[in-house]
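See below for the structure under consideration.
Numbered from 1 within each chain, the chains take letters A, B, ... in sequence-line order.
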Amino acid sequence: MRLSRHFFSRDVLEVAPELLGKTLVRRFENGEILRLTINEVEAYRGEEDLGCHASKGRTPRTEVMYHRGGLVYVYLIYGMYWLLNFTTGREGIPQAVLIRGSVEIEGPGRIGRALKLDKSFYGEDSISSNRLWIENNKNLPERPKIITSPRIGIDYAGENWAGKHWRFVGIL
DNA sequence: TCGACGATTGCC
DNA sequence: GCAATCGTCGAG
């Protein structure tokens, strides 16, 4: 069953760990379906979070994070990799969950490459999209064991924010 | 308009 | 250890 708007409309620190074990689904143009079991995510929470892109305020790139939950936020990193996020929370408060890894494919850049993401996915509504969404996974326990750690690659955000354990890894 | 830099990856 | 590669954003 596809995750609802309601699911994504909560605080990112609630939503992020609950995405562990869920199934990321990509339907390609030729009809082929790719399913990945999410096992690693990170939370990015508000303008005050110096590790969050929205700490720079509302810009063309961060705009979608200010919208309602359940939307796709993709961006190009190092000119090579499209990283995948889903917005969470309520209109006006910028939040997103970065999909860092899955059981089948590890690494945020590799996920984007496998899903053939590009800028056309920016703002896509995962609640109604026919090419990218997330489903519940009936074959896994509802409450998987979770390990937390600091988020990866945001040392520039300073100790206060880089030190927060907002990376969640599921032992599935 | 220009230049620095990045929520990464893979090869030397 | 470091290059690849380019969109974004702040400075000028």
Side-chain angles (χ1 to χ4, degrees), chain A residues 3 7-8 10-24 26 34 36-90 92-126 132-134 146-172:
Chain A
L3 298 185
F7 178 93
F8 289 102
R10 298 169 293 150
D11 189 275
V12 68
L13 293 179
E14 277 187 65
V15 175
E18 288 189 25
L19 283 175
L20 299 173
K22 298 286 190 292
T23 304
L24 178 62
R26 169 78 161 99
L34 178 61
L36 301 179
T37 308
I38 299 168
N39 69 356
E40 183 182 356
V41 300
E42 283 178 359
Y44 289 87
R45 188 170 186 265
E47 291 185 343
E48 65 275 21
D49 175 6
L50 297 183
C52 180
H53 290 158
S55 63
K56 296 175 182 299
R58 228 185 244 254
T59 70
R61 182 173 70 154
T62 65
E63 176 65 25
V64 74
M65 278 199 279
Y66 287 79
H67 293 200
R68 59 186 174 173
L71 307 183
V72 173
Y73 167 41
V74 290
Y75 68 93
L76 186 64
I77 187 69
Y78 297 113
M80 273 175 280
Y81 304 102
W82 288 95
L83 299 205
L84 173 63
N85 303 249
F86 290 88
T87 64
T88 66
R90 298 285 173 177
I93 300 175
Q95 299 187 339
V97 179
L98 168 68
I99 307 299
R100 283 196 64 87
S102 67
V103 172
E104 298 81 1
I105 298 171
E106 283 299 318
R110 293 172 184 157
I111 295 265
R113 189 173 56 190
L115 298 182
K116 294 185 167 63
L117 300 181
D118 59 51
K119 65 183 175 188
S120 76
F121 284 85
Y122 184 92
E124 182 104 352
D125 187 354
S126 76
L132 185 61
W133 66 91
I134 300 178
I146 296 173
I147 290 174
T148 67
S149 85
R151 293 171 290 178
I152 306 294
I154 58 158
D155 289 347
Y156 61 81
E159 253 187 56
N160 184 38
W161 296 102
K164 292 192 183 303
H165 284 45
W166 286 357
R167 170 172 175 255
F168 304 89
V169 180
I171 310 303
L172 306 177

For dG6(B), does either OP1 or OP2 sit under 4.0 Å from a side-chain N or O belonging to Tyr75(A)?
-> no

State whether Arg100(A) places a side-chain N or O below 4.0 Å from either non-bridging phosphate oxygen (OP1 or OP2) of dT8(B).
-> yes

Does [X] reach a base, just sugar-phosphate, or nothing at all? Heavy atoms under 4.0 Å.
X: Arg151(A); value: nothing
X: Leu98(A); value: base
X: Gly109(A); value: sugar-phosphate

Between Gly153(A) and Arg110(A), who's closer to the 5' end of DNA chain B by nearest nucleotide?
-> Gly153(A)

Would you say the side-chain atoms of Arg151(A) pair up with the backbone N or O of Trp161(A), donor to acceptor, closer than 3.5 Å?
-> yes

Going by the side chain to side chain contact (heavy atoms under 4.5 Å, CB included) test, name the single residue among Leu115(A), Thr37(A), Leu34(A), Ile105(A) that passes it with Leu24(A).
-> Leu115(A)

So among Asp49(A), Thr148(A), Val12(A), which one has a side chain to side chain contact (heavy atoms under 4.5 Å, CB included) with Trp166(A)?
-> Asp49(A)

Does CZ in Arg58(A) sit with more than 12 non-hydrogen atoms of other residues, nucleotides or ligands closer than 6.0 Å?
-> yes

Can you establish whether the number of heavy atoms outside Glu48(A) located under 6.0 Å from its atom CD is more than 12?
-> yes

Heavy-atom check, side chain of [X] versus side chain of [Y], under 4.5 Å:
X: Trp82(A); Y: Lys116(A); answer: no
X: Phe86(A); Y: Tyr73(A); answer: no
X: Asp125(A); Y: Arg68(A); answer: yes
X: Ile134(A); Y: Phe7(A); answer: no
X: Pro108(A); Y: Glu42(A); answer: no

Run the side-chain contact (heavy atoms from CB on, under 4.5 Å) check on Asn39(A) and Glu106(A) step by step: do they pass?
-> CA-CA 9 Å; Asn39(A) 69 356; Glu106(A) 283 299 318; 3.0 Å; yes

Return the value, rounded to whole Å, for the distance between atom [atom1] of [X] and atom [atom2] of [N].
X: Glu40(A); N: dT8(B); atom1: CD; atom2: C1'; value: 13 Å
X: Met80(A); N: dG6(B); atom1: CE; atom2: P; value: 14 Å
X: Arg113(A); N: dA7(B); atom1: CZ; atom2: C1'; value: 17 Å
X: Ile105(A); N: dT9(B); atom1: CD1; atom2: P; value: 12 Å
X: Asn85(A); N: dG6(B); atom1: CG; atom2: C1'; value: 14 Å
X: Trp82(A); N: dA7(B); atom1: CH2; atom2: C1'; value: 14 Å
X: Phe168(A); N: dA7(B); atom1: CZ; atom2: P; value: 19 Å

Separation of the P atoms in dC2(C) and dC5(B), to the nearest angstrom = 16 Å

Could you work out the separation of dA3(C) and dA4(B) based on their P atoms and round it to a whole Å?
-> 15 Å

Tell me, which stems hold DNA chain C, with a stem being 3 or more Watson-Crick or G-U pairs in a row and both distances under 3.5 Å?
-> B:1-6 with C:6-11, B:8-11 with C:1-4

Does a donor on one side chain sit under 3.5 Å from an acceptor on the other, for Tyr66(A) and Glu47(A)?
-> yes

5'-most to 3'-most nt of DNA chain C touching chain A (<4.0 Å, heavy-atom partner on protein side) reads dA4(C) to dG10(C)

Kindly state which residues belonging to residues 41-59 of chain A come within less than 4.0 angstrom of DNA chain B, counting heavy atoms of the residue only, listed by number.
-> Tyr44(A), Gly51(A), His53(A)

Under the 5.5 Å and 30° test, is Tyr78(A) stacked on the base of dT8(B)?
-> yes

